[in-house]
Amino acid sequence: MRLALRIAYDGTAFYGFQRQPDLRTVEGELIRVLTKLGIIDDAESSNFKGASRTDRGVSAFFNVVSFDTENSRLARPEILNHHLRDVWVLGVAEVPEDFHPRFWAKSKTYRYYLVDEGFDVEAMRECAGLFVGTHNFSAFAKLEPHRDPVRELTRVEVIKRQGYYIIELEGKSFLWEMARRIVNALRFCGLGILTEREIEGMLRGEYSKKIPPARPEGLVLWRIEYEGVKFSADERGIKKAKRDLFERYSEALTRAALFGDLLLGL
């Protein structure tokens with residue numbers, strides 16, 4: 001049997017998603033618990049695969065891993081979330097034997113949370129529209145050998161909230177650091193540092209310097225779309241995830257209030 005897990009995680013607790021020797025990673029934490037419970041023997045024999053190899057500091061609300069198992073009984077959010085740390089299983093699905101969470105994905109949506117620095121929101125939205133469509137994103141990515149820099153974005157949206165913005169980017173696949181570099185480009189547009197004309201030129205390959213990436217802590221993999229895959233969860237597993245996330249939310253809000261008053265006192 002092949003199973004897929006929908007997972008969420010706090011990226012600040014890990015050195016990225018992908019397994020690395022002697023470093024704590026999301027993949028390593030999942031494999032540790034799955035082998036401990038006897039759900040898999042090891043990553044290789046179970047054909048363990050992940051949908052998105054997020055960078056160090058990047059979180060996820062919807063990433064997916066899949067593996068083969070002969071012991072599916074224990075692969076439930078209630079049980080897995082009791083053993084996992086900083087990772088939460090939000091759903092389980094039985095999938096076809098050839099299911100690969102990366103190659104079967106129809107689209108991915110990333111969210112970036114950006115504190116308002118007095119941005120010109122209309123300028124940000126005008127620049128955001130330039131990224132929609134099929135482009136060479138070499139100026140907005142850390143390129144890897146033999147990877148095509150041409151990608152298609154179906155949506156780039158700037159959502160205004162009280163005191164901050166959410167930048168949503170949707171596409172089938174993303175290059176390394178692509179989402180974070182586009183976010184920084186939109187930030188520069190909102191501050192008047194970068195113009196629409198310059199963005200258009202960079203998308204045509206006219207640039208001397210690349211846009212640096214925004215900090216990874218503000219980025220979350222928000223959604224992955226699949227056709228015909230439905231994840232189900234148990235109530236106790238979701239409650240455990242909610243408790244853990246509320247604890248992190250409370251700590252972050254307390255710190256934000258503290259530093260906010262420090263700023264007001266200067």
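Heads up: numbering here begins at 1 and tracks the sequence.
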Within the 4.5 Å heavy-atom criterion, are [X] and [Y] side-chain neighbours or not?
X    : Y    : answer
I199 : L194 : yes
M178 : L153 : yes
T195 : E198 : yes
T109 : I224 : no
F61  : L221 : no
L30  : V87  : yes
S138 : Y207 : yes
I238 : W88  : no

Tell me if the [atom1] atom of [X] is crowded by more than 12 foreign heavy atoms within 6.0 Å.
X    : atom1 : value
E117 : CD    : yes
K172 : NZ    : yes
R248 : CZ    : yes
K160 : NZ    : yes
R73  : CZ    : no
H83  : NE2   : yes

[X] side chain to [Y] backbone, donor-acceptor under 3.5 Å:
X    : Y    : answer
S59  : G11  : yes
D116 : F119 : yes
K230 : V92  : no
D42  : S45  : yes
D86  : A13  : no
N63  : S52  : yes
T69  : I40  : no
N81  : K240 : no
E152 : G171 : no
E27  : R19  : yes

Quick check for you: to the nearest 0.5 Å, what is the distance between [X] atom [atom1] and [Y] atom [atom2]?
X    : Y    : atom1 : atom2 : result
D55  : E217 : CG    : CD    : 11.0 Å
S72  : E94  : OG    : CD    : 7.5 Å
I166 : L114 : CD1   : CG    : 10.5 Å
F48  : D41  : CZ    : CG    : 14.0 Å
R102 : S66  : CZ    : OG    : 11.5 Å

Residues R2, E97; criterion salt bridge (Lys or Arg N to Asp or Glu O under 4.0 Å); working and verdict: CA-CA 6 Å; R2 189 158 182 80; E97 290 183 4; over 6 Å; no
Might you point out which heavy atoms bring [X] and [Y] nearest each other, and give the distance in Å?
X    : Y    : value
L90  : A8   : CD1-CB, 3.8 Å
R111 : W222 : NH1-CZ2, 3.5 Å
I7   : V26  : CD1-CG1, 4.1 Å
T35  : I31  : OG1-O, 2.7 Å
A43  : S46  : O-OG, 3.3 Å
P101 : K49  : CG-O, 3.6 Å

D234: side chain to side chain contact (heavy atoms under 4.5 Å, CB included) partners, not counting sequence neighbours: R76, P77, E78, R236
Results of side chain to side chain contact (heavy atoms under 4.5 Å, CB included) for Q20 - residues two or more places apart only: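 Applying side chain to side chain contact (heavy atoms under 4.5 Å, CB included) to Q20 gives Y15, L23, T25.
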Carboxylate-amine/guanidinium contact K106 E225, below 4.0 Å: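 Here K106 does not pair with E225 in a salt bridge, since their nearest N and O are not under 4.0 Å apart.
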Under-4.0 Å salt bridge between R155 and E168: yes
Spell out, yes or no, whether [X] and [Y] are grouped together once hydrophobic residues are joined by side-chain heavy atoms under 4.5 Å, including indirect joins.
X    : Y    : result
V65  : V229 : no
Y164 : V220 : yes
L80  : M1   : yes
F62  : V89  : no

Quiz item: cation-pi between R180 and Y110, 6.0 Å / 45°: no
Only distances under 3.5 Å count here; give the side-chain donor-acceptor pairs of residues 124-134 to other protein atoms, sequence neighbours excluded, each with its distance to 0.1 Å.
from : atom 1 : to   : atom 2 : distance (Å)
R125 : NE     : V158 : O      : 3.2
R125 : NH2    : V158 : O      : 3.1

Donor on one side chain, acceptor on other, S173 and R151, under 3.5 Å: yes
Flag for D10-T12: side-chain donor and acceptor within less than 3.5 Å: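 Yes, side-chain donor-acceptor contact under 3.5 Å.
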Pairs meeting criterion salt bridge (charged side-chain N to carboxylate O under 4.0 Å, His left out) with involvement of residues 257-266, two or more places apart: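 Passing the test, one end in residues 257-266: no pairs.
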Summary of salt bridge (charged side-chain N to carboxylate O under 4.0 Å, His left out) pairs that have at least one residue in residues 127-141, sequence neighbours excluded: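 Every candidate salt bridge (charged side-chain N to carboxylate O under 4.0 Å, His left out) pair involving residues 127-141 fails, so no pair, neighbours aside, qualifies.
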By salt bridge (charged side-chain N to carboxylate O under 4.0 Å, His left out) - contacts of K210 (at least two apart):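 Here no residue qualifies.
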According to ring pair (Phe, Tyr, Trp, His ring centres under 6.0 Å), who are the partners of [X], at least two apart in sequence or on a separate chain?
X    : value
F103 : H100
F17  : none
F137 : H135
F188 : none

Validation row, ring centre W104 to ring centre F99 under 6.0 Å: yes
Can I get a per-line list of side-chain donor-acceptor pairs under 3.5 Å for residues 249-258, giving both atom names and the distance, sequence neighbours left out?
from : atom 1 : to   : atom 2 : distance (Å)
S250 : OG     : F246 : O      : 2.9
T254 : OG1    : S250 : O      : 2.8

List the atom pairs, donor and acceptor, that lie under 3.5 Å between side-chain atoms in residues 141-150 and the rest of the protein, sequence neighbours left out.
from : atom 1 : to   : atom 2 : distance (Å)
E144 : OE2    : R147 : NH1    : 3.1
D148 : OD1    : V150 : N      : 3.0

